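Each remark here refers to the structure printed beneath this line.
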Amino acid sequence: MDERYDPQKIEPLWQSFWAEREIFRCGEDDPRQKYYCLEMFPYPSGRIHMGHVRNYAIGDVIARYKRMKGFNVLHPMGWDSFGMPAENAAIKHGVHPSKWTYENIDYMKKQLGRLGLSYDWSREVTTCSPEYYRWNQWFFIKMLEKGLAYRKSSYVNWCPSCETVLANEQVIDSQCWRCDSGVVQKELFQWFLKITAYAEELLKACDDLAGWPEKVVLMQKNWIGRSQGLEVDFRVAGTEDVIRIITTRPDTLFGAMFICLSPPHPLAKKLVADKVALEKITAHYGKADEKMGLFTGHYCINPVNDERVPIYVANFVLMEYGTGAIMSVPAHDQRDFDFAKQYDLPVRVVIEPLGAGHDSAQKNGRSQGLPLQEAYEDEGTLVNSGEFTGLGSEDGKARISELIEKKGLGKKVINYKLRDWGISRQRYWGTPIPVVYCDLCGPVAVRESDLPVILPEDVKFTGTGGSPLLDSPSFLNASCPSCGGQARRETDTMDTFFDSSWYYIAYCMGLKDLKFEAGHAAPELRHWMPVDQYVGGVEHAVLHLLYSRFFTRVVRDLGIIEQSEPFKNLLTQGMVIRDGAKMSKSKGNVVDPNYLIERYGADTSRLFSLFAAPPEKDLEWSDKGVEGAFRFLTRIWALAHKRVDAVRGISASGGPVIRPEETSRAGRELLRKTHQTIKKVTSDIEREFHFNTAIAALMELSNEMASYEPEDKADLDVYCFSLKSVLLLLAPFTPHIAEELWGAAGLNKGRLCISEEAWPLWDEDLSREDEVELVIQVNGKLRGKVLVPAGLADDLLRDRALASPEIKKMLSGGMNIKKVIVVKGRLVNIVAGQ
RNA sequence: GCCGGAGUGGCGGAAUUGGUAGACGCAAGAGACUUAAAAUCUCUCGUCGGCAACGGCGUACCGGUUCGAGUCCGGUCUCCGGCACCA
């Protein structure tokens, strides 16, 4: 073997070795227990960044570790390859999105290969390929059949210059992220998926996500946002119309001073005579603007006290939530309070803080004369509420709800913040929505036998005039699947979150073998699902993960899969930051993985990413730290090289034979340290993948090995055993150097390579210390330490402590022992006084 | 505003169940090797006092529980993340 560690020389060799022998290929006909390890697949933006390196290094350690532990590991990779950047590149540089995307995939695939990631590439999935997106279309049609996909008109963020819908995250300070034009709210027909049909199930099942970070589960719960409310009907005076409002505070019903309608509310059009004014309000609907209101000129009747209250249209009332109308209680809701102040509307206090007691007269006085400074939003005691005055909020809610229900004027309802998922995008580079519009039959789904609806190649990218599909007659013109007449194809494409909502299912089959049939449970899915460990950035805590949970349930209800939850365990890794900030081109603080790999190699890049912080925390980049990681690997190399011939000799004659009683004291210590390290590394990986401390333990062991001087054959056997163990333990983290040294030391017998070896086991007896340092405290302060044999009984430990010179000295000064506390095998605390 | 999370040396981070605070690494300093530098190796490295043995202080801040608190409880401050007119 070479004396010098040269990763550039060894790493590519092992990468081709693994690839040629398909070491990481897995199948369903394997008797070993399955383990599905998955990292979030990348968007092929051009080249990988440090976030990818970290994400995939973490996943790769898990996959390699589980393989060594004897699992049949599925570890796939693919490409989330539809999306806006490809289209923007087409507009800017005239490259076709397809060409741009596939070239990026080629390049990035090489980069991933150079990191030594242990994927089964035979299952690679590329979402922009027709083999993949035809199933997007198939799932969509199935959802349409089940009423889970539907078309409705809704308000969306619209960029008038780009002529497309923008997702919320693409609107920055009310401006288009691409052209800086002002974004407007536009009413548009869009396709939606009825995720709300699963709201309750998705929420309830959150409690079963035991393998997920609590933070993410909580974010999902908040996103679904369940609340208990009461619907109440307010009659519009002098008409037959009824306004149904929703409230979570029935106890404040007597304080409802006006009613607000959302601008798109159907009654708003009907009640407002001044259409120009209504349009003005509508223009400010859905914006984080100042509050705007418009009096309709009509009143309605509060059912609990028959008061006439004015009806307003208000820009801040959401049509999508509840009924699109609210009752306004300015005294107890800050938004209503602000609105009332702005339009000089009356305020009536109906809830008093608990314990207000004799202050109440004063408080009441405020509501009559002195102006209230702000709304009181907490619960309290009802006042000015007719027969309910004096009740607490809880009782008030129950009794008033009861009254409304009894009168038939409303009912208790459950509401969710979760909205149906709008999937239409006015973009080219996405899955065509498989629908045609027929003048006679309306929107009709494409026949299953006609799938996939192929994205046409012959289109122009101008960046204006909306989707390029609008100018493609060959695509646009279709015949109606129902009546055969002239029809026009849907030109909207699907949100790319649709693609990523089931890619983990696709991996179980592989792109070429994708096939689903409603009512037929797929055997590959039965074998591999659910994902045992999912690893990815926390930025997907809600959207992608929630969509996937929804999608899995839809696929389940189609009879294709048994599970409801796609991801059993989730690890959300932190960001890679530099100088305290996220790496970004504009800040000029990016680290290019290519540079790292060229300079230090893949093993060092992986090792540093894993060592510098535990995976769930942000990782502060450090050039010097990378050098430290490289130095460690250089020392490992030197360690093997130093005694390579001796070790080869030992492995050639059947491997080390350990007889602890025959080894020197140093030998027994190294043997013990080795067993302790196997134990530590194993438990650190098992304990939430704390690779940083596992690597620290390996560094400790290598430090001991470096200063170890074997005296005879028995000692050399121990050394050989330690080296063998270190290489096995390093194999998941830095697989190339582990492979190379494994081979160089002649340890590669039986199996092809170290990646196929079994994870080492430790011997509890040999890992145990025979002497321990007993800590002696007096009144909780450290006062002495003494070496004692391990396993001494508590009272013997106590005696040893009291007999130690430091303690004798201290206690001779007239202190009395009041109590002695012994912590098994570790510590004695002497409580003394005077 | 609401809901979470986190504050430990010069830095990244350890301390797993309330039991030696600072493992491991980086940086820094001293020394060895070298004509010299790099690389490598050895030692020091929370802070204050002391020649030293040793002692005081120390895990954002204030208080509490406990024989004993980085860890548990109450309050304050700061930073980070999520949601934000959800009625």
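Just so we're on the same page: letters track the sequence lines, and every chain starts at 1. Fair warning: this is a prediction, and the values are worked out from it, not measured in the lab.
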(request) Using whole Å, report how far CZ of Arg798(A) lies from P of C67(B). (result) 17 Å
(request) Name the closest nucleotide to the Asn829(A) side chain, picking from U16(B), C26(B), C67(B). (result) C67(B)
(request) On RNA chain B, check which nucleotide each of Pro614(A) and Val823(A) is closest to and give me the residue with the more 5' one. (result) Pro614(A)
(message) My understanding is that a pair needs two contacts under 3.5 Å, Watson-Crick or G-U wobble. By that rule, which nucleotide pairs with A6(B)?
(response) U78(B)
(message) Taking the minimum atom-to-atom distance to the side chain of Thr693(A), which one of C83(B), A21(B), A23(B) wins?
(response) A23(B)
(request) Would you mind checking if Asp251(A) and Arg249(A) are paired as a salt bridge, meaning a charged N to carboxylate O distance below 4.0 Å? (result) yes
(request) Report the nucleotide, chosen from G19(B), G4(B), A87(B), that has the shortest atom-to-atom distance to any side-chain atom of Lys215(A). (result) G4(B)
(message) Under a 4.0 Å threshold between the charged nitrogen and the carboxylate oxygen, would Glu307(A) count as salt-bridged to Arg348(A)?
(response) yes
(request) Write down the distance separating the C1' atoms in C26(B) and G74(B), rounded off to the nearest Å. (result) 39 Å
(request) Looking at every strand, decide which applies to Val317(A) at a 4.0 Å heavy-atom threshold: base, sugar-phosphate, or nothing. (result) base
(message) I'd like to know whether the aromatic ring centres of Phe258(A) and Tyr343(A) sit less than 6.0 Å apart in this structure.
(response) no
(message) Quick check: any donor-acceptor pair below 3.5 Å linking the side-chain of Glu773(A) to the base of U20(B)?
(response) yes
(message) By the 4.0 Å heavy-atom rule, please label Val831(A) as base, sugar-phosphate, or nothing.
(response) sugar-phosphate
(message) Please evaluate residues Asp338(A) and Gln342(A) with respect to the criterion side chain to side chain donor-acceptor pair (under 3.5 Å), reporting the C-alpha separation (whole Å), side-chain torsions for both, the decisive distance (0.1 Å), and the verdict.
(response) CA-CA 6 Å; Asp338(A) 295 342; Gln342(A) 197 173 326; over 6 Å; no
(request) Please determine, for the side chain of Asn222(A), which listed nucleotide (G25(B), C3(B), G68(B)) has the closest atom? (result) C3(B)
(message) Does Asn703(A) reach a base, just sugar-phosphate, or nothing at all? Heavy atoms under 4.0 Å.
(response) sugar-phosphate
(request) Go through C85(B), A21(B), G82(B) for me and flag the one nearest to the Asn315(A) side chain. (result) C85(B)
(request) Looking at every strand, decide which applies to Gly628(A) at a 4.0 Å heavy-atom threshold: base, sugar-phosphate, or nothing. (result) sugar-phosphate
(request) Determine the contact category for Lys221(A): base if any of its heavy atoms lies under 4.0 Å from a base atom, sugar-phosphate if only primed atoms, P, OP1 or OP2 are that close, otherwise nothing. (result) nothing
(request) Could you say whether Lys617(A) or Ser683(A) is positioned toward the 5' end of RNA chain B, judged by the nucleotide with the nearest heavy atom to each? (result) Lys617(A)
(message) Assess whether a salt bridge exists between Asp618(A) and Arg54(A), defined as any Lys/Arg side-chain N lying under 4.0 Å from an Asp/Glu carboxylate O.
(response) no
(request) Just name whichever nucleotide pairs with U40(B), Watson-Crick or G-U, keeping both distances under 3.5 Å, else none. (result) A32(B)
(message) Could you check whether Lys673(A) pairs with Glu700(A) (Lys NZ or Arg NE/NH1/NH2 to Asp/Glu carboxylate O, under 4.0 Å)?
(response) yes
(request) Classify the nucleic acid contact of Arg419(A) as base, sugar-phosphate or nothing, counting any heavy atom under 4.0 Å across all strands shown. (result) base
(message) What's Tyr416(A) touching, base or sugar-phosphate or nothing? Going by heavy atoms closer than 4.0 Å.
(response) nothing
(request) Taking only the side-chain heavy atoms of Tyr321(A) (C-beta and beyond), determine which of A87(B), C83(B), G4(B) contains the nearest atom. (result) A87(B)
(request) Taking only the side-chain heavy atoms of Lys785(A) (C-beta and beyond), determine which of A87(B), U20(B), C67(B) contains the nearest atom. (result) U20(B)
(message) Just to be sure I understand the rule, does Glu700(A) reach a base, reach only the sugar-phosphate, or reach nothing, if contact means heavy atoms closer than 4.0 Å?
(response) sugar-phosphate
(message) As a test of reading the structure: which of U20(B), C41(B), A23(B) is closest to the side chain of Leu782(A), going by heavy atoms?
(response) U20(B)
(request) Pick base, sugar-phosphate or nothing for Ser227(A), based on heavy-atom distances below 4.0 Å to the nucleic acid. (result) sugar-phosphate
(request) May I have the step-by-step check of side chain to side chain donor-acceptor pair (under 3.5 Å) for Asn415(A) and Ser227(A), ending in yes or no? (result) CA-CA 5 Å; Asn415(A) 253 280; Ser227(A) 63; 5.7 Å; no
(request) Tell me which nucleotide among G56(B), G82(B), A87(B) gets nearest to the side chain of Arg783(A). (result) G56(B)
(request) Nearest whole angstrom, please: distance from the P of G12(B) to the CZ of Phe608(A). (result) 12 Å
(message) Regarding Leu318(A), tell me which of base, sugar-phosphate or nothing describes its non-hydrogen contacts under 4.0 Å with the strands shown.
(response) base
(request) With heavy atoms under 4.0 Å as the rule, sort Asp336(A) into base, sugar-phosphate or nothing. (result) nothing
(message) Counting only side-chain heavy atoms from C-beta out, which of C67(B), C24(B), A27(B) sits nearest to Lys624(A)?
(response) A27(B)
(request) Decide yes or no, distance alone: a donor-acceptor N/O pair under 3.5 angstrom between the base of U20(B) and the side-chain of Lys781(A). (result) no
(request) Write down the distance between CG (Leu607(A)) and C1' (C26(B)), rounded to a whole number of angstrom. (result) 14 Å
